[in-house]
Each structure stands twice: as C-alpha cells, then as structure tokens.
Amino acid sequence: MGHSWRYRLEHLDKPLVVATALLLGLGLVALYSACAQAGDSPWAGNFGRQLGWLALGFVGFVLACVVSLQLLNYLAYFLYGVSVILLVLLLLFGKGPGVARWLALGPVQIQPAELAKVALVLALARFLSDTTTDLDRTVDLLKAFGLALVPMALVAKQPNLGTAMVFGAVLLPMLFWAGLSLSSLFIIVSPMLSFVAAFHKVALVGVLVLVILALVILRASPRKIVLALALNIAAALAAPMLWNQLHDYQQQRILAFLGLKQDPMGLSYQVIQSKVAIGSGGIWGKGLLHGTQTHLRFLPAQHTDFIFSVIGEELGFVGTMAALCLFAFFLYRCLKIATQARNAFASYVVMGVFSVFAWHILVNVGMAVGIMPVTGLPLPFMSYGGSFLLASLIMVGLVANVSMRWDEY
Amino acid sequence: MAKSGLDIEARRRVVAWILGAALLILAGRLFQLQVVQHEVYFRQSEKNRVRVITLEPPRGQIYDRNHRPLVENLPCYTLSVLPHHYRGREDLLVSLASFVGANPEEMARSVRQGQRAEFLPVKVRRDMPFELLARVQERWLDFPGLVIETEPKRTYTGMSRLSHVLGYLGEVAESELKALKDQDYRTGDIIGKTGLERQYEKVLRGRRGYQYVEVDALGREIRTLPMEKWIPPSPGLDLVLAIDDRLQAKLESLLEGKRAAGVFLDPRNGEVLALASSPSYDLQWFAGVLNPAVWDSLVSHPDKPLLNRVTQGLYPPGSTYKLITALAGVNDGVFSPESRVSCGGGLSYGGRFFACWYGQGHGSQDLYGAIAHSCNVYFYTMGMRVGLERWARYSRLLRFGQPTGIDLPAERAGLVPDAHYMDTRYGKGNWVGGTMLNLAIGQGDLLTTPLQMAQLAMVIANRGKGFVPHVVKALENPLTGKQMPVRVDSFVVREIRPEVFEVVREGMREVVNGAGGTGRGCALGDVIVAGKTGTAQNPHGDPHGWFIGFAPYDAPEVAFCVFVENGGSGSGAAVPIVREVLRLYFDEVRVSAPAQMAAAPSRSLSSLAR
C-alpha cells in the first residue's frame, strides 16, 4: 500500500507493454493492407476508425492501470450488473445486420458483449477471492456457474454463439486457478463430452465409462461419481434439444466443420480461401499490399475475423510465427504476473484476462488455418472492431495494474 | 487463497503446458500450410485471380470466283458466366435465365457441364440485342461471374442464297465434342454443321488466342496482364469459290418453286460454277439464335428444304443413262453405231410389253438417231446384248455407285445394281426377266445423284477425262491476301476409247441440234450445245425431268445437269432452265480459259476436310 507512483512505474511489466505495442503495430499494418483498395484512402474507412478506437483504448488502458485494486473489487458486481442490464437492453432494443450486437451510445456503437467479458472477469475474481466462498460447496460452485451463465445465455440469445462460449472459457481456468480440484474440474468438463457424444449411442456409453474410470483414478468420492454421471446424462439428454434450438447456419457450420457436409463454395468457402491465402504466402510472404487473395477480396471478413490470413499471405511463415511468438510471450507475461500477485483478487483478474486472450487467439488462429470451426471471434489487438479493442486494452491495463501492485495485499 | 490440491507453481505449470501444446499445434499447422504445402496453395491462389479470356479468331469469309463477298462476319455479343459462382445456386440461375430470356433448364445444364473446368466462362446467351446488353450491365452486381464476349456472327451478302453450298453454323453438339477432343472445342462453341462451313471448318475457324486478366472475387477485371503472356488468335482463312454469284442467282431463280436440282461445272478443271437445290432456305435464319419454330418447319416440311438434292438426292436417271448403254456397247464391239433397230412403239419380251415413249414408233434408226430421239426400243435391244455385268462394269468405270468426292459433306453414292445385288435383293432367279431392259433406259433399281450425271456430262465432253468437282477454288489469307489454290484431282477413263466418246458426243449434238431432237429447246444459235434429256418414271407421281450436257460442242466450257422432280419430262421441265443459264453464261459470265495450275504448293481437298 501507499507506494509512490515512481515505485509502481518501476514495477510496471514493461515486456508486457512492449509486446502489446508490437502486436498492435503488426495488427495495424495488416489492417492497413486489408483496408487499402485501389483508389481508396484507407485512412477514411475502417482503418481510420480503428485508429480512433485505439486512442480511446489507450485512455481505457491508463484508467485500468491507475485505478486501485480495492476500488475495482468494490465495483466488480456493480459493473457486472450494468453489463447484464446492457445485454438485456440490447435484446430489447438492439440493432445490427440480422443480429442484435450493437448498442448506440451517443455517436459510437458498442458491443456490450465485449465489455461484459471484462465485467465477468472482475465479478468472478471478486466472488472467488471472497473468503466466505468455498468451491467444495456445491452451492458456491453453482453460484460461480450462474455468474458466467447469465451473460453467456444473453449473448447466445443475440445470437452470437462464438462470443457466448468465451464466458464459459473464462470460467474454467479461473475455477482451476482458484483451487478447484482436478476431479471437480473433470466433473464439470465431462458433460461437454457427453453433450457431443449424445448424437451417437455407442460413443455416449464409451464416454460415460471413461468418466467413471477417470474419476476412480482421480480418487473422487462416490458422491462425486454419482453427481458426474447425473450431469453427463442430463447433458446427453439436453443435447438434441439444444441442437434443434440452433439456427440453421450454425448447424450447417458445425456439420461442415466436422466433415459431415461437403460444400466447398458455400460455408467452408471462407476457410478454403483463408487456407489458400495463408498457404500461398509461403515462408517470406508476398509482401505487404501484395497479397492477391486479400486485395482481390477472395478473403471474406479479411479485416475482422480473418485478419490473421492477411499476415499469413503478405508476411508469410515468418510473419505468422512472429505474431504467434508475440502472443505466446504476451500470455507468458500474464501468467507470470498472475502467479506473482499476492492479492487473490488481483491474481484471479489476471488469470481471467489471460483466459479471454488465450481463448480468442487459439480459436481465431485455429479457424484461419482450418482446424477450428468458424465462430467469428476476433483476434486480439489485430481484428477490426472497436469494442473488442477497447475491452482488450482495458484488460491489458488491468494486468499492468496488477504488475505494478503485485506486492499489495 | 482458496485451498487447493495443487500449489500455485503446479497450477501455473498445468496452464503453461496446455497453452504451449495448443500454440505448438497452431505453429505446426502453419508450417504445414506455408512451408510444406506452399506450392499447392500458391497455384490455387494464382488460379483464383487470373482468368483466361478467350480471344475468338474471326471466322474465314467466303467469296465467289470474282471475289464478290458471299459470307461476312458481324460482331454480336454473347453473355457467359463463370460456372463456379452458380454451384448450388439454381435459384439465381433461374432468375438470370428469365432476365436474359434463355431457357433455364438448358442454361443449368451447360453451367453444370462447365463446372468441370470452373474458371472458364460458359456461354449462356448468344447474340444479345444491344438493349439487353445495356440492361445486363445495369444489373451487373446482382449476378456474380458474368462475362460479355464479342463473337462474330455470319451475314450473307451475295445475290444468291447458296444455302446448301455454304451451309450453316450451330453450337457444337456433345457427340462432336467427344470426336474433336484434341481440337480445343468447348461447350457452346460454334461449328460448321453443313455445307462448306462444315467441310472447311478447320480452315475457316482459325486458332483461338488467350489473354490473361486479373480479376477480383466478383469476377470483375482489375487489370490485364502484360502482352507477352498473350497467345494471339490466328484468323481463319477465307474461301474463294469457283461459283459465279450471278450464274448461281440465275439458276436459283429458275429452280424456285420446284423441287429441283441443278449443277454447272467447268469441264476443264471440275470447278463448280453454280450448284443449287430447291426448295432452299435463308441462311440468315441460322445466324445468331435459331428460332425453334423455324427449325421445326424446315425439318418437317414435306419438300425437304434442308436436303441438298444435287449431292444427296437419289433418283432414277431415266433416258440420260442410255449414254452408258451406248458407251458400253460400242466400246466392247457388242454393236456398232451404224447398227439399226426398227422401233414400232414397243417390244415384247418374256411375255411383257416394253413400250417406247413414242407410241407411233421411231422406225428404223442408228445409234445417233436413237440418242437424238431417245428411242427406248433401240436401247432395250442393245441393253439385252450388253448384258447386266458389262453394263454394271461400265457404270462403275464412269464413277456411278460412288461419291464424286466434291468438297461438300454427306454426299451420297447412289446405287448401281449388278447380279450380286439383284440376287441379294430379289433372290436368285427371281429377277432375270426384263431387268436389263429397264436398266438400259435408266429405270429400275438404278439410283444416281444429279452431280454424278453432271460428272458424266463432263467426262463425255472431255472424251474420257474428268476432274473431281469442287466448289472451293482457293484459300486466301485475310491478312496478306495471298491465295493458295486447292489441288484438283483428275481421272481418265482409259478403258473407253476416245472414238467411242466421240460417237456419243455426236449423238448428243443431234439431241439439241438435229431434226426432232428432244433437246431442241436448248439450241442457242451462236453456241453449239450437246445434251441428253431424260424422263424418269417413278412411283411417286409425274416423271422426273432430266437434262445433262455440255457446251460449246467443240471446246466445252460448261457441263451441266438439271433435274426437276416430277417435272413431267426432260424437254419440258429441264431444258428451258439450262437454256436460260447457258444464255447468261455465254452472254455475260463466260469464264476465260483456265490458267495453268499455279506452281505454288497447293493443298488437296482431302487434306483440308476435317
């Protein structure tokens, strides 16, 4: 407590900030290329807007850096509540092309779902760091789930399944970080296997047997095994119902990804074009602004979800490796800060941020190279999209904040 | 901190390992795509952006012997689509079809076929009117992958129709595509279907060129790649015909309204000066898009306007064929030209009465008189002496029963019956009776084409020498104007002595110039014409009228055959037509004596045919 600013700045994790800055720079280069079209000035379009959001994001970063951890802890549930209300409002009054994702806030349009990611990280961190919380108590575990499920359901309703899954992807690592035992974690994860296996009877039986075996090996109590089985069977029963709830295009995408449906010019067109772009880049790439797939618009969503393909095509294997290494280094710094933090709330916040970024990076790059389904998640620091850029920089700010105050309790 | 089974260091390691493994998988995948499979994807990306634009060569034009244009090209606009944009988009294809006024099913079929080579455009609408072209350009973005190509369309500028000779073009058929696999034909291409357009397809077509353009994902052209990557088209060669447009127009007008055929050859080289079949049709109907109703009416018309009667019509030649009987008998010494036979209006043979066309009888006459008056009884008598085998042999010597080899497609061979044929057709011993009597006067099972009869006239005019009839005189390079004459194949009927031909020639002169000759209607006064009429009985109605011959008698410049289906008689129906055409020929057209065949390398007809 009470250290001078000079002291705190000395402890600011500079490698984290440098990695962020480099990633932002690489992202801007790729975005410039994706937005540059013959005859158009890229500054006037999406690229220019992204620069504006970057300025706003810098403000968010600084604020997130300087705010005290106590205040954040105090505000966590309030911010969570505000974001849930925004998501409800969005469902009632939102607008967007076919789906309700944007909410007009004065002159700018924001996606409340992106800010809800930050709010959920803070709320979960507060809940998990609360001394009265005991994850071995089922009630507390269910409360943690409830915190994640509310925004998840609201976002899924938009519908935006890809973003909704981020909330789930944040919850599990944070629970693990907060000390949930491996067997409990397994009980939580295993219903997902049953959920997928539910479409094939033999596979379902196999998964159930494996779940029991694994829990026995992990020396779980009989009570836990029964609970796990119940959860698994419930998931298996729910799966067909939820499948029918999915929109047609969502079903198609999943089927196409699983190779159950052949449609090279339709749904998997994006993935094929992305792979062509990345693969054609080779080791050194075609050079900035020389990517033919990018500039002839064969690549769909090249400035948003498929920005990584632009790097792949124009900067080659060297470029994609550089980006991947920067991301790895960035995540490594986050993990280091989360480990060093003495304050549990702070540590959980950083772990939550780590999870959001890791999930986005793995899913987005996996999608661009064709090993993950197309979910429409943006790539942190690079994809065009103001709300997520703002949320990302706030989250980096939170991590930087913790790095400065690592010794505070 | 909450209590945990693992301390924080262990948890950090678990998270780090999971993250590291995931990142390694991504890195490995990137290595696979960008390093291992780079070639595959690079080629794919090149194919993505570069589209081949076909540069259609202009099709060769066609001129008459005086270089008057008969067939020229007009530009017309063709709409094509890039098939891969329409995979699984039948709805879009249907709305495109209705927008441009094409048959949606046909369009879907050709687009499906085209999907095998997905980056080549498929033609879906030919010969678009300018106004439709403008509307298509307005809605350019509603339909992906549209391409507009300019294609030449045939236009006919001669005085004559020449429909059967020139022939028409049409879209290449699936079966033709298979047969022409190695010749760069694609679905939707235009190919010669009949006539010279078909015969000289290879020459007229030229070779297509290719240009490469860079396109975006919507198929819009961004820029054209440098010239050195182009393959320029080479234009098709022009055809210069032996046909004289004026003579042809005259012949066509004389045949109009009849079912008839006429062909005029230059016996000095086999050039076809005029060749017409009636009824005919307007080739302009086939340029651009053919109206199906027009096609149906042409195909179902009882007078068969699509049939080229000159080369494809098979008819009994009637009395014109008495010349063969005469040549065979005199050449083999079976009878002499001075042998006399008395005609009393008919002849009894095998219990049947064989009538002469002149019921009162011609009285006693020699061969010359018999040819001039076309006496049946004389040739019944001589035919019996000649016998079937000799008669059939001489028929074949004079090239009956086989195509003449004219440079027009689908020529028929005709039929020369011999003992073997009669045995097969009627059974051994069932036909002997009066068969030879009928054949001797050109009746019975014998079938000839009018062109074969004109060829006979040419051979007699030349006393045994003949040339393969040909419509095309020379090929002309449209860029340099240099002409390459086609090689003319000739033949000599050595087995028949020139004196024997002389006998028949004299008889034919009498036909036109002698007292009571059946061809007197063709006597021109200043030019001596020789000929032979024919009136062929047939089971379908009035007798067919024939007239074959040549002129001038001493140095023949024209050999001809005119045939009028159910015309009544040769002298009534055919002779006046010949007279008119010869009049025009000798008054205006008259072809100067042919120059010696050019020493320049020429190409034979057979090497040009596809």
Side-chain angles (χ1 to χ4, degrees), chain A residues 38 128-129 133-136 173 176-183 263-266 272-273 275-283 285-286 291-293 295-300 312-313 316-317 320-321 324-325 327-328 331-332 335-336 338-339 344 347 351 354 358 361-362 365-366 369-371, chain B residues 1-16 18-51 83-89 115 118 144 214-223:
Chain A
L128 294 174
S129 60
T133 300
D134 181 1
L135 288 180
D136 283 342
F176 176 67
W177 201 245
L180 193 67
S181 66
L182 276 176
S183 62
D263 187 15
M265 295 314 290
I272 290 175
Q273 293 301 339
K275 276 157 67 178
V276 168
I278 293 174
S280 66
I283 294 176
K286 296 178 185 169
T292 55
Q293 302 296 292
H295 291 281
L296 301 175
R297 294 188 179 278
F298 280 97
L299 253 181
E313 184 178 22
F317 187 62
T320 56
M321 279 304 110
L324 220 52
C325 288
F327 276 127
L331 291 173
Y332 160 75
L335 192 57
K336 187 171 187 291
T339 314
S347 177
M351 194 58 210
F354 169 89
I361 293 162
L362 294 178
V365 176
V369 298
I371 59 174
Chain B
M1 285 250 174
K3 51 193 178 313
S4 166
L6 297 167
D7 65 20
I8 192 147
E9 215 16 71
R11 276 180 272 156
R12 193 188 65 82
R13 273 203 301 275
V14 170
V15 173
I18 293 173
L19 179 72
L23 287 173
L24 264 182
I25 290 172
L26 290 182
R29 174 66 170 175
L30 284 165
F31 184 79
Q32 184 196 13
L33 289 180
Q34 299 192 283
V35 180
V36 181
Q37 298 177 343
H38 167 61
E39 274 299 306
V40 178
Y41 288 110
F42 186 73
R43 249 178 287 135
Q44 181 80 42
S45 78
E46 287 295 295
K47 222 165 67 171
N48 248 356
R49 73 190 175 98
V50 175
R51 202 176 65 220
H84 69 272
H85 288 280
Y86 291 87
R87 184 168 283 164
R89 304 285 308 271
Q115 274 164 354
E118 34 185 290
E214 199 167 290
V215 294
D216 67 9
L218 290 175
R220 290 178 299 202
E221 291 176 20
I222 303 295
R223 70 192 179 99

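Just so we're clear, the structure is a prediction, and the values are computed from it rather than from any experiment. Lettering of chains follows the sequences in order, A, B, ..., and the numbering in each one begins at 1.
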Query raised in the report: For the atom pair OG (Ser45(B)) and CD (Gln273(A)), what is the distance rounded to the nearest 0.5 Å?
Result: 9.5 Å
Query raised in the report: So which of Ser183(A), Gly316(A), Ala328(A) has the largest heavy-atom pair count under 4.5 angstrom toward chain B?
Result: Gly316(A)
Query raised in the report: What part of Ser129(A) gets closer than 4.5 Å to chain B, counting heavy atoms only: side chain, backbone, both or neither?
Result: neither
Query - Side-chain heavy atoms of Ile8(B) within contact of Trp177(A), under 4.5 Å - result: yes
Query raised in the report: Between Val15(B) and Phe176(A), does a side chain to side chain contact (heavy atoms under 4.5 Å, CB included) hold up when you go through it step by step?
Result: CA-CA 9 Å; Val15(B) 173; Phe176(A) 176 67; 4.0 Å; yes
Query - Sequence-distant partners of Arg29(B), salt bridge (charged side-chain N to carboxylate O under 4.0 Å, His left out), two or more places apart - result: none
Requested in this report: Measure Glu9(B) against the heavy atoms of chain A and call it side chain, backbone, both or neither at under 4.5 Å.
Outcome: side chain
Query - chain B contact via Phe327(A) - which portion, at a heavy-atom distance below 4.5 Å - result: neither
Query - Any donor-acceptor N/O pair, Gln34(B) side chain to Gly312(A) backbone, under 3.5 Å - result: yes
Query raised in the report: Once you round to the nearest 0.5 Å, how far does CZ of Arg11(B) lie from CE of Met351(A)?
Result: 10.0 Å
Report task. Decide yes or no for Tyr332(A) and Leu19(B): does some side-chain heavy atom of the first lie under 4.5 Å from some side-chain heavy atom of the second? Result -> no
Requested in this report: Please round to the nearest 0.5 Å and tell me the distance separating atom CG of Leu30(B) and atom OG1 of Thr320(A).
Outcome: 4.5 Å
Query raised in the report: Say you draw a straight line from CG of Leu23(B) to CD1 of Ile361(A); how long is it, rounded to the nearest 0.5 Å?
Result: 7.5 Å
Query raised in the report: Looking at Val365(A), Ile278(A), Ile283(A), which has the largest count of heavy-atom pairs under 4.5 Å with chain B?
Result: Ile278(A)
Query raised in the report: Who passes salt bridge (charged side-chain N to carboxylate O under 4.0 Å, His left out) against Lys336(A), sequence neighbours left out?
Result: none
Query - Shortest non-hydrogen contact from Tyr41(B) toward Val276(A) - result: CD2-CA, 3.6 Å
